[in-house]
Structures are given as structure tokens and as C-alpha cells.
Amino acid sequence: KQWYQRRVRGRVITTTRSHMQQSVQDAIDSCKPDKLIQIGGAGSKAILVIEGLADAYLFASPGTKKWDTCAPEAIIKSLGGKLTDVFGGAITYGADVEHPNRRGVLAAMRDFEFYRSKIPGNIMDSRVVRCYRQRVDVIIGTGFSFCS
């Protein structure tokens with residue numbers, strides 16, 4: 001952790017360049033960033049966090065896949081940071097799990113709990129969670145999901 005150096009002033013969040021949805025905007029707005037960096041690629045956003053050029057990577061939408069987050073999570077965790085879904089839940093990897101990260105992505109090298117605590121209540125009712133709940137219903141045999 002000693003190597004980490006924050007290289008920005010104010011609160012800086014990085015997020016999607018091309019998949020901005022209301023749930024993403026609401027989550028970002030709740031954190032009141034001084035600067036927003038919109039860039040493509042989950043790995044690119046993770047690198048900004050790792051290098052101290054962004055404080056958090058926030059994507060409150062089911063758009064990323066496991067292959068987008070597995071390597072960034074390993075690096076961030078090994079350096080003392082955290083990468084989870086937007087609610088602070090662990091992202092599960094393996095052959096038997098679905099590929100989409102239906103509950104979004106949140107990563108930070110420090111102050112992770114600040115960002116997690118700022119996720120607004122309306123996100124709980126958003127497509128992120130509805131798709132997750134529908135998928136759980138499919139798994140236990142009580143529903144059908146068209147979420148992508």
C-alpha cells in the first residue's frame with residue numbers, strides 16, 4: 001500500500017464512455033464528484049484507479065462481464081484496494097457462474113466504503129437489481145429472465 005499515491009485533486013470518478021444509463025448517472029451524482037472521466041474498457045478504468053488518477057470506478061449497470069473484471073479485481077485486491085458489485089458484494093468467478101456482472105461494478109484503492117455508502121436507494125429498484133432478482137428466480141425455478 002505504501003506505493004499508492006493519489007495524483008488528483010478533488011473527488012474523481014471514472015465510468016463508462018458509451019453505456020451511460022440513468023442508474024449510472026444517479027450513482028455518480030450521489031458521490032458528488034469534482035471530475036468525471038468517461039473512458040472505454042473496464043481495464044482502462046481500473047488502471048486509472050490503480051494509478052491514482054481516479055478515486056473510484058463506478059458502473060451501476062449490468063454491462064460488464066466476468067472477463068472484464070477478473071484481472072482488474074486481482075490486481076486491485078493485491079495492492080490493497082477493493083472491487084465488488086455496486087452494493088459491496090463479492091463478484092463470483094468460475095465455470096458455473098453467469099458471465100454478466102448484473103449488479104454493476106465499484107472499485108477504489110481507498111475510501112471504498114464512502115462510495116459504496118453513497119449508492120442511492122433508487123438503484124435498488126433499478127434494472128441492475130431487477131435483472132439480478134430475475135436471474136435468481138430463474139436459478140431457483142420460479143421465474144424467467146430476459147435481462148442481458
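It should be emphasised that the depicted structure is a prediction, and the values quoted were computed from it without experimental measurement.
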Worked check of side chain to side chain contact (heavy atoms under 4.5 Å, CB included) between Asp111 and Asp55: CA-CA 8 Å; Asp111 299 330; Asp55 296 305; over 6 Å; no
Can you tell me how far the [atom1] atom of [X] sits from the [atom2] atom of [Y], to the nearest 0.5 Å?
X	Y	atom1	atom2	value
Ile28	Leu36	CD1	CG	5.0 Å
Ser117	Phe112	OG	CZ	10.0 Å
Glu73	Ser78	CD	OG	10.5 Å

Minimum heavy-atom separation for [X] and [Y], please, with both atom names.
X	Y	answer
Pro100	Pro62	CB-O, 4.5 Å
Ser61	Val24	CB-CG2, 3.7 Å
Ala27	Pro120	CA-CD, 3.8 Å
Ile76	Ala46	CD1-CB, 4.1 Å

Listed partners of Arg116 passing salt bridge (charged side-chain N to carboxylate O under 4.0 Å, His left out), at least two apart: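 Per chain and number, Arg116 pairs via salt bridge (charged side-chain N to carboxylate O under 4.0 Å, His left out) with Glu113.
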Min side-chain heavy-atom separation [X]-[Y] under 4.5 Å:
X	Y	value
Val12	Leu53	no
Leu83	Lys77	no
Lys35	Pro33	no
Ile37	Ile13	no
Leu58	Ile119	yes

Within residues 25-34 or reaching into it, pairs that qualify as side chain to side chain donor-acceptor pair (under 3.5 Å) - sequence neighbours excluded: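 Qualifying pairs, neighbours excluded: Gln22-Asp26, Gln25-Asp29, Asp26-Asn122.
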Within residues 37-50 or reaching into it, pairs that qualify as side chain to side chain donor-acceptor pair (under 3.5 Å) - sequence neighbours excluded: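 Not a single pair qualifies under side chain to side chain donor-acceptor pair (under 3.5 Å).
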Pairs meeting criterion ring-ring contact (aromatic ring centres under 6.0 Å, His included) with involvement of residues 35-72, two or more places apart: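 Every pair satisfying ring-ring contact (aromatic ring centres under 6.0 Å, His included) with a residue in residues 35-72: Trp67-His99.
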Contact list for residues 10-23, test salt bridge (Lys or Arg N to Asp or Glu O under 4.0 Å), sequence neighbours left out: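 Of all non-adjacent pairs touching residues 10-23, none passes salt bridge (Lys or Arg N to Asp or Glu O under 4.0 Å).
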Pairs meeting criterion salt bridge (Lys or Arg N to Asp or Glu O under 4.0 Å) with involvement of residues 78-96, two or more places apart: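 Sorted result for residues 78-96: Asp85-Arg103.
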Non-neighbouring partners of Ile47 that pass side-chain contact (heavy atoms from CB on, under 4.5 Å), sequence neighbours left out: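 So Ile47 forms a side-chain contact (heavy atoms from CB on, under 4.5 Å) with Glu51.
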Whether over 12 other heavy atoms sit under 6.0 Å from Lys66 NZ: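 Enclosed.
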For Thr64, side chain to side chain donor-acceptor pair (under 3.5 Å) partners two or more places apart: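 Thr64 satisfies side chain to side chain donor-acceptor pair (under 3.5 Å) with Asn101 only.
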